[in-house]
Amino acid sequence: MIVKDKIESQLPEWRDRVQKLVKEHGDVKVGDVTIAQVYGGMRGVRALVTDISYVDPQEGIRLRGFTIPEVLEKLPRPSKASVPWVGGLYYLLLVGEMPTKEQALAVEIDWKIRGQVPPHVFDVLKAMPRETHPMMLFSQAVLALQPQSVFAKCYQEGMTRMEYWEPMLLDSINLTAKLPTIAAYIYSLKYRDGRFTPPDPDLDWGANFAHMMGVDNEDYEELSRLYFILHSDHESGNASAHATHLAASTLSDIYYAFSAGLNSLAGPLHGLANQESLRWLQSVYEKFGGVPTKEQVRDFAWETLKSGQVIPGYGHAVLRKSDPRFIAQYEFAQRNLPDDELFQLASVVYEVVPGVLQEQGKAKNPWANLDAISGTLQHHYGITEMDFYTVLFGVGRSLGVTANAVWARALGQPIERPKSLTTAMLEETANLEK
Ligand code: NMX
Ligand code: MLT
């Protein structure tokens, strides 16, 4: 496996670097923690490390040092396509180098070889009540794959610590290979009366997802690749990445850990915001019977805020400008669906909502995040069932969190266990400092 050899060759140097930092400079401070941060969701606390991506508040995400426009420009792509192979992105995240066409295709081939989903996973899904939310089904399907874990088996057989990363990598490729099929199967079960289109061995990971969704349209193939690349990683502190990392830090395998990450993605302040965002846009559309004026959007936004709700798709814990992942999707829409009324509405909202949030003065970041438009794009290609949208986010997010899990094992990151304090202790600390 090409990715395995590449990671293996880098390991001695990475292990030396980390060992030296901890041994020789372990006492160097990287930050302080305030009482506001302890009560405030640890916002801004520097307590995690990853070399796979970094979010700069002004610039946005860099994946292995590359900005979103650079990633989309430099990764190899199918002939005549404008959006790269997702296999190349996975190579970039795992290995840290921009892949050649052959290297990107090697990952795509590995995924094809390992893509078959065991029948019992479908049986588990079919046994669930029809009204079950797609995210619950997705998380459950991932857990149902757990008996296949190579890591869990090798651990029972007594592998050494230095070997942990290898079965973790194998599990990660086995898992990610199956996710587009599982996601499309859930869609068919919930919304197409169980009519499932099997994968086409000639298509790549992203395009195959489009095919299995029953949308045989080259633009939707492009969108699928774009969507998964953009949702892949956002450093380690976001809730789904952190939940995956925390679960995996106990040496549980990637199936348990990624299922934990998905359960966290299912919250409306995180991944579920994409379904909420489209729901919000549609309620604006319905209220005004079409694309509203700026004034009407302003009034609607204020109504939402006054009723104590958030405006989904806006705000961010780290970013302080429009999310480059939003911009990439917005540009895709400008190119491919400029006349779509929902897109026109999303554009008016993008012009108006930041001003309203600034006027209200609460949100630290009034700008659009990636969820402000992703549902609009799906809707255009006929995927109108918004409850499904977070599953799409989850398929993309698997790439970043599994790459991180492999490297966390390779560099021997330990079980996470921060210290908690009582309120009385914090009060005492505050008084002592007065
Ligand atoms: N609409 C209304 N109020 C907001 C918004 C928004 N979009 N964003 C932040 N605020 C409020 C927030 O609720 C908080 O209010 P209070 O003091 O009454 O508790 C105040 O502004 C300060 O929050 P911030 O420090 O700016 O944001 P925080 O880091 O706590 O949370 C989000 C970040 C993303 C959870 C928050 O901006 C939000 O709820 N946005 C809407 C939901 C959303 O789009 N989530 C998806 C984020 C991306 N993703 O996929 O994960
Ligand atoms: C993400 O992609 O995980 C979201 O933007 C949330 C975050 O980074 O906190």
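Numbering of ligands and ligand atoms starts at 1, following listing order.
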Arg320 vs Asn365, test: side chain to side chain donor-acceptor pair (under 3.5 Å). Steps then yes/no. CA-CA 5 Å; Arg320 294 295 175 260; Asn365 177 48; 5.1 Å; no
With a cut-off of 4.0 Å, which atoms of ligand 2 are near a heavy atom of [X]?
| X | answer |
| --- | --- |
| Asn238 | 3 (O), 6 (C), 7 (C), 8 (O), 9 (O) |
| His316 | 4 (C), 5 (O), 6 (C), 7 (C), 8 (O), 9 (O) |
| Arg325 | 1 (C), 2 (O), 4 (C), 5 (O) |

For Arg335, does the CZ atom have more than 12 heavy-atom neighbours from other residues, nucleotides or ligands under 6.0 Å away?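 Check passes, neighbour count above 12.
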Considering heavy atoms of the protein only, find what lies nearest to [atom] and give residue, atom and distance to 0.1 Å.
| atom | value |
| --- | --- |
| atom 44 (O) of ligand 1 | Gly313 N, 2.8 Å |
| atom 25 (O) of ligand 1 | Lys364 NZ, 2.8 Å |
| atom 51 (O) of ligand 1 | His270 ND1, 2.7 Å |
| atom 8 (O) of ligand 2 | His234 ND1, 2.7 Å |
| atom 6 (C) of ligand 1 | Ile311 N, 3.7 Å |
| atom 15 (O) of ligand 1 | Lys362 CE, 3.4 Å |
| atom 45 (N) of ligand 1 | Leu269 O, 2.9 Å |
| atom 40 (N) of ligand 1 | Tyr314 O, 2.9 Å |
| atom 50 (O) of ligand 1 | Asp371 OD2, 2.5 Å |

Fit a plane to each ring of [X] and [Y], take the angle between them on a 0 to 90° scale, and name the class: parallel (under 30°), tilted (30 to 60°) or perpendicular (over 60°).
| X | Y | result |
| --- | --- | --- |
| Tyr227 | His231 | parallel |
| Tyr90 | Trp111 | parallel |
| Tyr185 | Phe196 | perpendicular |
| Phe288 | Phe300 | perpendicular |

Please list, in number order, the atoms of ligand 1 under 4.0 Å from a heavy atom of [X].
| X | answer |
| --- | --- |
| Ala273 | 43 (C), 44 (O), 45 (N), 46 (C) |
| Leu357 | 1 (N), 2 (C) |
| Leu305 | 2 (C) |
| Leu370 | 50 (O) |

Measuring from atom 13 (O) of ligand 1, which candidate in Asp323, Asn274, Val310 has the nearest non-hydrogen atom?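 Looking at heavy atoms only, Val310 sits closest to atom 13 (O) of ligand 1.
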Under 3.5 Å: N/O of Gln309 near N/O of ligand 1: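 No, since none of the N or O atoms of Gln309 sits under 3.5 Å from an N or O of ligand 1.
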Going by distance only, is there an N or O of Phe393 that falls short of 3.5 Å from an N or O of ligand 1?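 No; the residue has no nitrogen or oxygen that sits under 3.5 Å from a nitrogen or oxygen of the ligand.
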Please report the interatomic distance CD(Glu286) to CD(Gln282), rounded to the nearest 0.5 Å.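 Going from the CD atom of Glu286 to the CD atom of Gln282 covers 6.0 Å.
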Given the protein's heavy atoms, is any one of them under 4.0 Å from [atom]?
| atom | answer |
| --- | --- |
| atom 32 (C) of ligand 1 | no |
| atom 2 (C) of ligand 1 | yes |
| atom 10 (N) of ligand 1 | yes |
| atom 28 (P) of ligand 1 | yes |
| atom 21 (O) of ligand 1 | yes |

Working note: Leu63 + Leu89, criterion side chain to side chain contact (heavy atoms under 4.5 Å, CB included); need CA distance, chi angles, decisive distance, verdict. CA-CA 9 Å; Leu63 299 167; Leu89 182 272; 4.0 Å; yes
In this structure, which one of His270, His242, His316 forms a ring pair (Phe, Tyr, Trp, His ring centres under 6.0 Å) with His234?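 Exactly one pass, corresponding to His316.
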Pair Gln103-Tyr91, side chain to side chain donor-acceptor pair (under 3.5 Å): steps then yes or no: CA-CA 7 Å; Gln103 288 164 333; Tyr91 182 100; 3.1 Å; yes
Just heavy atoms, cut-off under 4.0 Å: does Glu276 contact ligand 1 by side chain, backbone, both, or neither?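 It is neither part, as no heavy atom is under 4.0 Å.
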Taking 4.0 Å as the limit for heavy-atom contacts, which would you say applies to Asn369 with ligand 1: side chain only, backbone only, both, or neither?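 Asn369 to ligand 1: side-chain contact only, backbone stays beyond 4.0 Å.
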Check each heavy atom of Glu235 against ligand 2 and say whether those closer than 4.0 Å belong to the side chain, the backbone, both or neither.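 No part of Glu235 is near ligand 2 at this cut-off.
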At a non-hydrogen distance cut-off of under 4.0 Å, which region of His231 contacts ligand 2 (side chain, backbone, both, or neither)?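 Looking at His231 and ligand 2, no heavy atom falls under 4.0 Å.
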Backbone or side-chain N or O of Ser240 under 3.5 Å from ligand 2 N or O: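 Between Ser240 and ligand 2 (N or O atoms, distance only) the closest approach is not under 3.5 Å.
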Under 3.5 Å between any N/O of Arg397 and any N/O of ligand 2: does that happen in this structure?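 Yes, at least one N or O pair falls under 3.5 Å.
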Please check this pair: side chain of Ser149 against backbone of Asp253, looking for a donor-acceptor N/O pair closer than 3.5 Å.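 Not at all, since once roles are kept as given, no pair shorter than 3.5 Å links the two residues.
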For Leu262, is there any backbone N or O sitting under 3.5 Å from a side-chain donor or acceptor partner on Arg397?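 Side chain of Arg397 to backbone of Leu262: no pair is present.
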Quiz question: by atom type and distance under 3.5 Å, do the side chains of Gln275 and His133 form a donor-acceptor pair?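 Gln275 vs His133: donor-acceptor pair found between side chains.
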Has Arg15 got its NZ or CZ under 6.0 Å from the middle of the six-membered ring of Trp407, at an angle within 45 degrees of the ring axis?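 So Arg15 doesn't make the cation-pi contact.
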Given side chains that start at C-beta, do those of Trp367 and Phe326 come closer than 4.5 Å, heavy atoms only?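 No; the side chains remain at least 4.5 Å from each other.
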Arg279/Asp387 under salt bridge (Lys or Arg N to Asp or Glu O under 4.0 Å): CA gap, chis, key distance, verdict: CA-CA 10 Å; Arg279 207 186 299 286; Asp387 285 9; 3.4 Å; yes
Verdict with reasoning, Asn404 to Ser236, per side chain to side chain contact (heavy atoms under 4.5 Å, CB included): CA-CA 8 Å; Asn404 270 288; Ser236 286; 3.9 Å; yes
